[in-house]
Amino acid sequence: MIHAVNGLDVHILEAGFESPDRPLALLLHGFPDLAYGWRHLMPLLAEAGYRVVAPDQRGFGRTTGWSSDYDGALTPFSILNVTRDAIALVSALGYRQTAMLIGHDFGSPVAGSCAMVRPDVFPSVVLMSAPFPGVPAFPFNTAESGAATAQANTGQQQLAVALAALNPPRMIYQQYLSTREANQDLSHPPEGLHTFLRTFFHVKSGDWSGNTPHPLKAPTPQEFAQLPTYYVMECGKTMPENVAPFQPTAAEIEACQWLTEAELAVYADEYGRTGFQGALQTYRVYTDHALTAELRMFSGRTIDVPSLFITGTSDWATYVSPGALDQMKARGATKMRNIEMIDGAGHWIQQERPAQLAALLIDFAKEAGAAKHVRG
């Protein structure tokens with residue numbers, strides 16, 4: 001436990017801590033993950049000479065100091081405040097900068113924000129699964145034209161209405177996960193928490209044959225309807241109900257060496273203890289346009305440090321926001337070294353393919369010159 005970190009007591013897992021002068025690798029997880037999700041990767045990076053730290057992020061696991069009150073303030077869960085969490089943790093650990101910063105899923109926009117606003121602390125960044133297309137921008141050169149400012153949420157609202165009009169009606173998963181009912185649905189599924197989590201991890205992995213991701217041509221309801229029901233859900237059904245038909249067989253569970261039953265029990269125990277609301281607050285931030293609007297403070301800013309994007313060939317997250325990957329390459333990150341796609345990996349890259357991931361990360365760190373670090 002690292003105490004007094006931007007108002008939190010942060011639970012971390014670490015490897016390579018025996019030597020105090022090692023460069024720091026900071027790993028930021030997503031949903032519904034934990035620091036524990038990096039367990040296969042951490043020893044490999046430690047063997048390469050890094051001090052590897054993975055925190056339970058705000059709202060997750062054994063980190064405390066946050067509120068799970070649905071009616072409470074969401075400001076502590078804003079992207080900028082979770083970015084401050086990362087900066088404060090680096091400082092609390094006695095470092096002036098990281099040698100590696102890696103963010104997966106929800107951790108990707110946090111890592112991207114870290115590198116964008118504090119390149120002195122985060123001189124390189126690796127984004128995984130979720131592209132970083134940049135921050136919301138102010139309208140440009142409108143003084144003479146008098147063009148009205150477009151409402152940021154108009155397109156999302158129109159898409160939600162159009163998806164609901166499909167047969168059967170569909171709903172984007174972020175919309176569902178922002179509802180008051182989602183925590184209860186996820187915490188107490190009819191099949192039990194362990195079985196639900198097993199199914200959820202399975203359907204988003206490379207083990208499920210139903211994952212055949214490809215870029216969407218446009219943000220239209222017909223294109224979105226191609227996505228699996230864990231991303232574009234059937235309306236009127238909970239997330240557990242949407243994924244239940246794809247529950248893995250006993251043979252598939254036994255063959256899953258990247259997430260054994262004992263390892264899955266860690267997730268079930270943690271979420272059984274905390275519930276999901278703390279983790280779900282992050283989705284509510286994304287649907288709270290006042291909180292996303294604060295990112296316009298950085299309108300026009302880009303990630304200007306060496307960056308790398310890594311995803312799996314069976315990971316739909318790469319394409320769930322149409323155009324985001326191209327925007328990241330074109331203007332979100334000015335020093336994007338490469339886009340790496342790990343063959344056969346689904347969404348849980350660090351668990352499914354840790355050795356391949358470690359090799360990519362170590363090579364990138366050497367190329368980017370990120371092995372340099374500064375301790376106080």
Side-chain angles (χ1 to χ4, degrees), residues 6 24-31 33 37-38 53-55 57-60 77-90 97-137 152 174 282-283 285-288 291-312 315 317-341 347 349-350 357 360-361 364-365 368 370:
N6 194 31
L24 177 64
L26 182 63
L27 317 180
L28 304 177
H29 68 78
F31 175 88
D33 218 328
W38 300 101
V53 172
Q57 294 219 72
R58 181 183 293 265
F60 293 81
F77 294 88
S78 71
I79 293 292
L80 289 184
N81 198 47
V82 179
T83 298
R84 282 190 285 266
D85 292 343
I87 298 169
L89 179 59
V90 171
Q97 65 178 208
T98 57
M100 272 191 196
L101 172 65
I102 307 159
H104 174 250
D105 188 81
F106 166 71
S108 177
V110 176
S113 296
C114 285
M116 181 185 66
V117 304
R118 291 302 303 268
D120 56 322
V121 179
F122 306 103
S124 69
V125 63
V126 178
L127 310 168
M128 291 172 50
S129 291
F132 183 87
V135 295
Q174 294 105 322
T282 58
Y283 286 99
V285 165
Y286 279 122
T287 56
D288 185 312
L291 289 176
T292 54
E294 73 174 4
L295 291 171
R296 285 194 172 91
M297 180 189 307
F298 302 99
S299 176
R301 287 290 298 270
T302 53
I303 297 176
D304 298 323
V305 300
S307 59
L308 178 68
F309 182 76
I310 302 175
T311 188
D315 187 1
T318 311
Y319 306 115
V320 73
S321 296
L325 189 65
D326 291 334
Q327 291 174 31
M328 178 180 67
K329 290 188 292 184
R331 60 178 182 270
T334 61
K335 296 182 180 179
M336 176 67 63
R337 297 301 173 93
N338 205 0
I339 292 176
E340 298 282 356
M341 305 192 82
H347 188 61
I349 309 166
Q350 63 271 40
L357 177 58
L360 290 173
L361 295 174
F364 169 71

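On a predicted model such as this, the values are computed, not experimentally measured, just so you know. Numbers for residues simply follow the sequence, beginning at 1.
- Contact record, Leu127 with Ala111: CD2-CB, 4.3 Å, taken as the closest heavy-atom pair.
- Thr292 meets the side-chain hydrogen bond (donor to acceptor under 3.5 Å, both in side chains) test with no other residue; sequence neighbours excluded.
- For Arg118, the side-chain contact (heavy atoms from CB on, under 4.5 Å) partners at least two apart in sequence or on another chain are Ile87, Asp120, Val121, Phe122.
- For Phe60, the ring pair (Phe, Tyr, Trp, His ring centres under 6.0 Å) criterion is met by His29, not counting sequence neighbours.
- Scanning all heavy atoms of the two residues, the minimum distance from Pro306 to Ala368 falls at CB-CB, 3.7 Å.
- Screening residues 318-327 for side chain to side chain donor-acceptor pair (under 3.5 Å) gives Thr311-Thr318 as the qualifying pairs, with residues at least two apart or on separate chains.
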Which side-chain N or O atoms in residues 329-340 pair as donor and acceptor under 3.5 Å with protein atoms at least two apart or in another chain?
residue: Thr334; atom: OG1; partner: Ile303; partner atom: O; Å: 3.3
residue: Thr334; atom: OG1; partner: Asp304; partner atom: OD1; Å: 2.8
residue: Arg337; atom: NH1; partner: Glu367; partner atom: OE2; Å: 3.2
residue: Asn338; atom: ND2; partner: Glu340; partner atom: OE2; Å: 2.9

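- Every side-chain contact (heavy atoms from CB on, under 4.5 Å) that Val135 has, sequence neighbours left out, goes to Met116, Phe132, Leu295, Phe298.
- For the pair Ser108 (side chain) and His104 (backbone), a donor-acceptor distance under 3.5 Å is absent.
- Centroid-to-centroid, the aromatic rings of Tyr283 and Phe106 stay 6.0 Å apart or farther.
- Applying the side-chain contact (heavy atoms from CB on, under 4.5 Å) test to Asn6 and every residue at least two apart in sequence or in another chain returns Arg58, Asn81, Arg84, Asp85, Ala88.
- Legend: residues meeting side-chain hydrogen bond (donor to acceptor under 3.5 Å, both in side chains) with Asp105, ordered by chain and number and at least two apart, are His347.
- What you find for Val305 and Pro119 is that their closest heavy atoms are CG1-CB, 3.6 Å.
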